[in-house]
Chemist: 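One structure coming up, written as structure tokens, with questions to follow.
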Amino acid sequence: MLLRERKVIVTGGPTREWLDPIRFISNPSSGKMGVALADESLRRAREAVFIYGPIDAALVSNKRFRAVPVDTTEEMLAAVRKEIEENAVVIMAAAPADFAPVKKSGQKIKKTDRLFSIEFTKTPDILKELKEMRSKELIRNLFTVGFAAETENVEKYALNKLTEKHLDMICLNDVSQKGAGFGTDTNIITIFVKDGSRLELPMMSKQEAAARILDEIENRLPRYLI
Ligand code: PMT
């Protein structure tokens, strides 16, 4: 089954985990990589949906892909679960917050002169949830693509994620390099595929990088799926 017959679900941007009604923890993901992937997916696939955390609204206005806004990592997981279908391609370019406060204060936390601590718990790992769904055969023929934003031992950590999250492909961006990663208009990506192949891309615009990633997905689909 080819990409033009499939639905592509792209995630992008950060998520927020709230400490109180006015404060949250998050990260500087702009959503640009996700938007570029959703644009490119729409050109090539049967359907493209973009599930995104809080980003500049202008990035998704006047787009032809379906856009689903979310706030927290739990909400992103729920939206992915809702959109998932047999034979879908899932591209996780989002940077979901990995930790959330155990308790969200109902009121603004007041300043104090004393040290205080906040207890955090792990948020759900969306790609690991998809791995579970695949292993229980709740959903068949998914093709999953992860991203790895790393600052050290970049290749080792990316390859660990490829295996641990049971991915078909992972796109490593070494975010310590200028012109790669969060907020930039360009990216520097190395693509690792579960068959052991790798493709190192030079710095290019996020649109060009998205096209190269979709090329790799398109080339691999018939090999892995019925
Ligand atoms: O949005 P931009 O400013 O354009 O920047 C793009 C980007 C740098 C955010 C993007 O290219 C990128 O690298 N996204 C992944 C960032 C990240 O959170 O990496 P990670 O190593 O924490 O997560 C690894 C993979 O697991 C990612 O595919 C992530 O989407 C996924 N994940 C992470 C946490 C979580 N709770 N669930 C997940 O599924």
Side-chain angles (χ1 to χ4, degrees), residues 9-17 25-40 50-56 58-60 70-81 83-84 89-100 120-134 142-192 201 203-210 212-214 217:
I9 299 161
V10 179
T11 68
T15 60
R16 287 178 177 173
E17 301 299 337
I25 59 162
S26 191
N27 62 70
S29 169
S30 64
K32 288 177 188 171
M33 192 65 241
V35 169
L37 286 159
D39 272 336
E40 194 59 35
F50 181 48
I51 300 170
Y52 64 102
I55 59 172
D56 181 355
L59 281 176
V60 283
V70 297
D71 193 47
T72 64
T73 300
E74 274 288 354
E75 285 176 23
M76 186 168 274
L77 171 63
V80 170
R81 278 182 185 279
E83 294 293 339
I84 208 89
V89 174
V90 181
I91 311 177
M92 283 287 307
D98 288 316
F99 300 98
F120 286 96
T121 180
K122 271 177 80 176
T123 54
D125 188 309
I126 299 164
L127 283 173
K128 283 196 177 155
E129 297 273 340
L130 294 183
K131 173 184 162 184
E132 280 296 303
M133 287 168 80
R134 285 170 106 179
L142 282 189
F143 189 92
T144 52
V145 181
F147 271 72
E150 305 292 348
T151 55
E152 57 169 354
N153 298 326
V154 293
E155 193 166 327
K156 181 172 161 232
Y157 290 148
L159 288 172
N160 283 350
K161 279 175 188 162
L162 181 71
T163 319
E164 273 168 23
K165 300 192 183 208
H166 200 66
L167 304 173
D168 295 292
M169 187 182 281
I170 192 151
C171 305
L172 161 68
N173 24 210
D174 177 350
V175 295
S176 67
Q177 291 186 64
K178 202 165 178 283
F182 294 87
T184 50
D185 290 328
T186 54
N187 212 348
I188 307 168
I189 282 179
T190 305
I191 302 173
F192 298 93
L201 299 175
M203 190 182 341
M204 57 182 69
S205 70
K206 284 183 173 168
Q207 287 74 18
E208 286 172 287
R212 298 294 295 271
I213 292 165
L214 265 296
I217 295 172

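Since the structure is predicted, the reported quantities are computational estimates derived from the model, not experimental observations. Both counts, for ligands and for their atoms, begin at 1 and track the order of listing.
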Chemist: Would you indicate whether the side-chain heavy atoms of Ile25 and Phe120 approach each other to under 4.5 Å?
Modeler: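 The answer is yes; the side chains approach within 4.5 Å.
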Chemist: Looking at Met33, which atoms of ligand 1 are within less than 4.0 Å of one of its heavy atoms?
Modeler: 4 (O), 6 (C), 11 (O)
Chemist: As an exercise, identify every atom of ligand 1 less than 4.0 angstrom from a heavy atom of Ala149.
Modeler: 13 (O), 16 (C), 19 (O), 21 (O)
Chemist: Closest non-hydrogen protein atom to atom 33 (C) of ligand 1, residue and atom name please, with distance?
Modeler: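 Ranking protein heavy atoms by distance from atom 33 (C) of ligand 1, first comes Pro96 CD, 3.6 Å.
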Chemist: Looking at Asp125, which atoms of ligand 1 are within less than 4.0 Å of one of its heavy atoms?
Modeler: 35 (C), 36 (N), 37 (N), 38 (C), 39 (O)
Chemist: Hey, is the main chain of Ala100 close enough, under 3.5 Å, to the side chain of Thr123 for a donor-acceptor pair?
Modeler: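 No, because the side chain of Thr123 does not come within donor-acceptor range (under 3.5 Å) of the backbone of Ala100.
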Chemist: Heavy-atom distance to atom 11 (O) of ligand 1: which of Ile189, Asn173, Thr73 wins?
Modeler: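 It is Asn173 whose heavy atom sits nearest to atom 11 (O) of ligand 1.
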Chemist: If the contact criterion is a heavy-atom separation under 4.0 Å, does Lys206 count as touching ligand 1?
Modeler: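 Within the 4.0 Å threshold, so yes.
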Chemist: With a cut-off of 4.0 Å, which atoms of ligand 1 are near a heavy atom of Ser29?
Modeler: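 Those qualifying, in numeric order: 1 (O), 2 (P), 3 (O), 9 (C).
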Chemist: Checking a contact table here: which protein heavy atom is nearest atom 18 (O) of ligand 1, and how many Å away?
Modeler: Ala95 CA, 3.4 Å
Chemist: Quick check for you: to the nearest 0.5 Å, what is the distance between Asn187 atom CG and Leu172 atom CG?
Modeler: 9.5 Å
Chemist: State, with a plain yes or no, whether a side-chain heavy atom of Ile126 is found less than 4.5 Å away from one of Thr11.
Modeler: no
Chemist: Below 4.5 Å, heavy atoms only, C-beta onward: do Ile91 and Leu214 meet side chain to side chain?
Modeler: yes
Chemist: With a 4.0 Å cut-off on heavy atoms, is Lys165 touching ligand 1?
Modeler: yes
Chemist: Considering distance alone, does some N or O of Met92 sit under 3.5 Å from an N or O of ligand 1?
Modeler: yes
Chemist: Of all the non-hydrogen atoms in the protein, which one sits nearest to atom 25 (C) of ligand 1, and at what distance?
Modeler: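 Heavy-atom neighbour on the protein nearest atom 25 (C) of ligand 1: Phe147 O, 3.1 Å.
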Chemist: Are Met169 and Ile217 side-chain neighbours, meaning at least one heavy-atom pair lies under 4.5 Å?
Modeler: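 In contact.
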Chemist: Counting heavy atoms only, which part of Asp98 comes closer than 4.0 Å to ligand 1: side chain, backbone, both or neither?
Modeler: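 For Asp98, only side-chain atoms sit under 4.0 Å from ligand 1.
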Chemist: So, Arg134 side chain and His166 main chain: donor-acceptor pair closer than 3.5 Å or not?
Modeler: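 Yes, Arg134 side chain to His166 backbone: donor-acceptor pair under 3.5 Å.
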Chemist: Got the closest protein heavy atom to atom 37 (N) of ligand 1, with its distance?
Modeler: Ile126 N, 3.0 Å
Chemist: What atoms of ligand 1 come closer than 4.0 angstrom to any heavy atom of Gly146?
Modeler: 28 (O)
Chemist: Would you call Ile170 and Lys165 a side-chain contact if the rule is heavy atoms closer than 4.5 Å?
Modeler: no
Chemist: Walk me through it: do Thr73 and Glu17 pass the test side-chain hydrogen bond (donor to acceptor under 3.5 Å, both in side chains)?
Modeler: CA-CA 8 Å; Thr73 300; Glu17 301 299 337; 3.2 Å; yes
Chemist: So, is Thr11 polar-close to ligand 1, with some N/O to N/O distance under 3.5 Å?
Modeler: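 In fact, backbone or side chain, Thr11 has no N or O that close.
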Chemist: Identify the protein heavy atom lying closest to atom 2 (P) of ligand 1, giving its residue, its atom name and the separation to 0.1 Å.
Modeler: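 The closest heavy atom on the protein side is Ser30 OG, 3.3 Å.
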Chemist: Among all protein heavy atoms, pick out the one at the shortest distance from atom 39 (O) of ligand 1; state its residue, atom name and that distance to 0.1 Å.
Modeler: Leu127 N, 3.0 Å
Chemist: Tell me, which protein residue and heavy-atom name are nearest atom 21 (O) of ligand 1, and how many Å apart are they?
Modeler: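 I find the closest protein heavy atom is Lys161 NZ, 2.4 Å.
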Chemist: Do Glu75 and Thr15 have side-chain N/O donor and acceptor atoms under 3.5 Å apart?
Modeler: no
Chemist: If you round to the nearest 0.5 Å, how far is CD of Gln177 from OG1 of Thr151?
Modeler: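 Spacing of OG1 (Thr151) from CD (Gln177) equals 11.5 Å.
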Chemist: Using a 4.5 Å cut-off on heavy atoms from C-beta on, say whether the side chain of Lys161 contacts that of Phe147.
Modeler: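 Answer no - side chains too far apart.
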Chemist: Is the closest heavy atom of Ala94 to ligand 1 under 4.0 Å?
Modeler: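 Yes.
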Chemist: Tell me whether ligand 1 is touched by Pro124 - counting only heavy atoms on the residue side and a distance under 4.0 Å.
Modeler: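 Distance cut 4.0 Å: Pro124 passes for ligand 1.
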Chemist: Got Met33 and Ile213 here, is their nearest side-chain heavy-atom distance under 4.5 Å?
Modeler: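 They are in contact (side-chain heavy atoms under 4.5 Å apart), so the answer is yes.
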Chemist: Quick one: nearest non-hydrogen protein atom to atom 10 (C) of ligand 1, plus distance?
Modeler: Ala93 O, 3.5 Å
Chemist: Please list, in number order, the atoms of ligand 1 under 4.0 Å from a heavy atom of Gly181.
Modeler: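 That gives atoms 5 (O), 8 (C) of ligand 1.
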Chemist: Just to be sure I read this right, does ligand 1 sit under 4.0 Å from the backbone of Lys128, its side chain, both, or neither, counting only heavy atoms?
Modeler: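 For Lys128, there is no contact with ligand 1 at all, from either part.
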Chemist: Is Gly31 near ligand 1, meaning one of its heavy atoms is under 4.0 Å from it?
Modeler: yes
Chemist: Checking Lys32 side chain against Gly183 main chain: does a donor-acceptor pair fall under 3.5 Å?
Modeler: yes
Chemist: Are the side chains of Ile55 and Ser30 in contact, using a 4.5 Å heavy-atom criterion?
Modeler: no
Chemist: Provide the number and element of each atom of ligand 1 under 4.0 Å from a heavy atom of Gly183.
Modeler: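 That gives atoms 2 (P), 3 (O) of ligand 1.
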